[in-house]
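Data block below; observations after.
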Amino acid sequence: VGDIELTALHDGWAPRNLEGFIRNAELADVRRAAEEAFLPTNTIENSFTPLLVRSGGKTIMIDTGNGDAGAPTTGTTRANLRAAGLDPARVDIIIISHFHGDHINGLRLRDGTAVYPNAEVMVPAGEWAFWMDEARMNQAPEAQRGGLQNARRIFGPMAKDVKQFEWNKEIAPGITAIDASGHSPGHTAFVIQSGGKSLTHVVDAINHPAFFVRHPDWSAVFDMEADKARATRRRLLDMAAAERTQLAFYHAPFPATGHVRRDGNGFEFVPAPWSPVL
Ligand SMILES: [Zn+2]
């Protein structure tokens, strides 16, 4: 993107049962969507894609993957960073989109070790306010405690150094944070701009394209505020189709980037081929 170099990092994948994946669609319709995309109709391979950004002399990562806390087939970001010629100690800035485990667990190993010891960690103010709130933690029903406790495990030891950011601001060279809430209260997307070029990283506002680009009104089980998530998804897809903007995703098949065009009441995803050449 202009003078900015982007590298998609593969953090592995995990199987997810299609049954129960989408809250507001019949399983038969979900299976049909999988079939139309030539995907397996029982489980999908959900992949994870942190994005490395080299911009303004800084090495920046957006999200960190599952670390050593996810399925055994996940957590490959550190190895793939090294394969891309980069030591984790040389990452300058880590930008977090939201506090779900598959995005933050790569920050810290289960034994407490910080994986990126020299990085400044930046998080959405709205996420921090929600997940780190003491009253919410104390009143949380058992089912919600895990996520709140996990946010404390990751951020607690560095809490005083974490930098919170607001939407509609350039938070790092060429990277502007935008409101993409609904999936979680402070879920953030990023517009990456340089030299008149632009790419929007939608993160989890749009999960696997075969389901949520094709059927933008479907709600994944993990969308915390389903109606708001749907409105956000429509807004991002409308904008990307109208402006022919390249998108990056977190849960699309690697390297998780491409364009969308209108198709009936939904959209069609046109993946960008992986390119070994810059
Ligand atoms: Zn996610």
Side-chain angles (χ1 to χ4, degrees), residues 1-9 48-64 77 81 84 86 90-98 103 116 119-127 163-184 186-207 209 212-213 216 231-252 254-262 267 269-278:
V1 179
D3 294 329
I4 299 178
E5 185 186 308
L6 300 179
T7 306
L9 296 166
F48 309 91
T49 321
L51 195 60
L52 185 68
V53 184
R54 288 188 172 101
S55 175
K58 299 278 185 198
T59 299
I60 302 162
M61 248 174 86
I62 301 179
D63 292 334
T64 62
T77 290
L81 253 187
L86 196 82
R90 295 186 53 195
V91 175
D92 300 308
I93 301 172
I94 293 194
I95 298 171
I96 295 292
S97 65
H98 67 297
H103 298 254
Y116 304 95
E120 175 177 36
V121 176
M122 304 181 71
V123 306
E127 283 293 278
K163 192 168 168 195
Q164 296 178 41
F165 61 79
E166 306 285 345
W167 290 324
N168 303 320
K169 291 213 167 81
E170 186 177 4
I171 58 170
I175 304 177
T176 300
I178 59 168
D179 177 355
S181 55
H183 176 67
S184 70
H187 180 271
T188 298
F190 303 95
V191 176
I192 300 171
Q193 278 174 306
S194 167
K197 299 234 166 94
S198 172
L199 173 143
T200 299
H201 184 17
V202 299
V203 199
D204 283 14
I206 308 167
N207 196 281
F212 302 101
V213 170
T232 293
R233 189 157 43 248
R234 280 268 176 204
R235 171 170 55 83
L236 291 169
L237 286 166
D238 279 339
M239 206 160 56
E243 292 169 15
R244 297 176 65 83
T245 312
Q246 187 168 351
L247 299 179
F249 302 76
Y250 194 76
H251 295 293
F254 194 78
T257 182
H259 295 81
V260 294
R261 60 174 167 233
R262 257 174 237 286
F267 297 82
F269 177 55
V270 183
W274 175 68
S275 168
V277 181
L278 286 173

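- Few gaps surround CG on D238; more than 12 heavy atoms of other groups in view lie less than 6.0 Å from it.
- Counting all heavy atoms, side chain and backbone alike, P173 lies closest to S55 at O-OG, 2.6 Å.
- Side chains of F267 and R234 form a contact here, defined as non-hydrogen atoms less than 4.5 Å apart.
- The two residues S198 and V191 come nearest to each other via the heavy atoms OG-CG1, 3.8 Å.
- Looking at every heavy atom in both residues, F190 comes nearest to I175 through CD2-CG2, 3.9 Å.
- Residue G258 comes nearest to F269 through the heavy atom pair CA-CE1, 3.8 Å, listed as atom of the first residue, atom of the second, then distance.
- T176 and Q193 share no donor-acceptor pair across their side chains, judged by distance under 3.5 Å alone.
- In terms of modelled atom types and a separation under 3.5 Å, the side chain of R233 and the main chain of A205 share a donor-acceptor contact.
- Counting heavy atoms of neighbouring residues, nucleotides and ligands inside a 6.0 Å radius, atom CZ of R262 exceeds 12 of them.
- The two residues S97 and E127 come nearest to each other via the heavy atoms O-CG, 4.3 Å.
- With ring centers used as reference points, H187 lies 6.0 Å or more from H103.
- Partner of Y250 under the side-chain contact (heavy atoms from CB on, under 4.5 Å) criterion, out of I62, V202, D204: D204 alone.
- Around atom CD of Q164, more than 12 heavy atoms belonging to other residues, nucleotides or ligands sit under 6.0 Å away.
- L199 contributes atom CG, which lies 9.5 Å from atom CD1 of I4 (distance to the nearest 0.5 angstrom).
- Using modelled atom types, one side-chain atom of D92 and one backbone atom of T59 make a donor-acceptor pair closer than 3.5 Å.
- Across every non-hydrogen atom of A272 and Q246, the tightest pair is CB-NE2, 4.1 Å.
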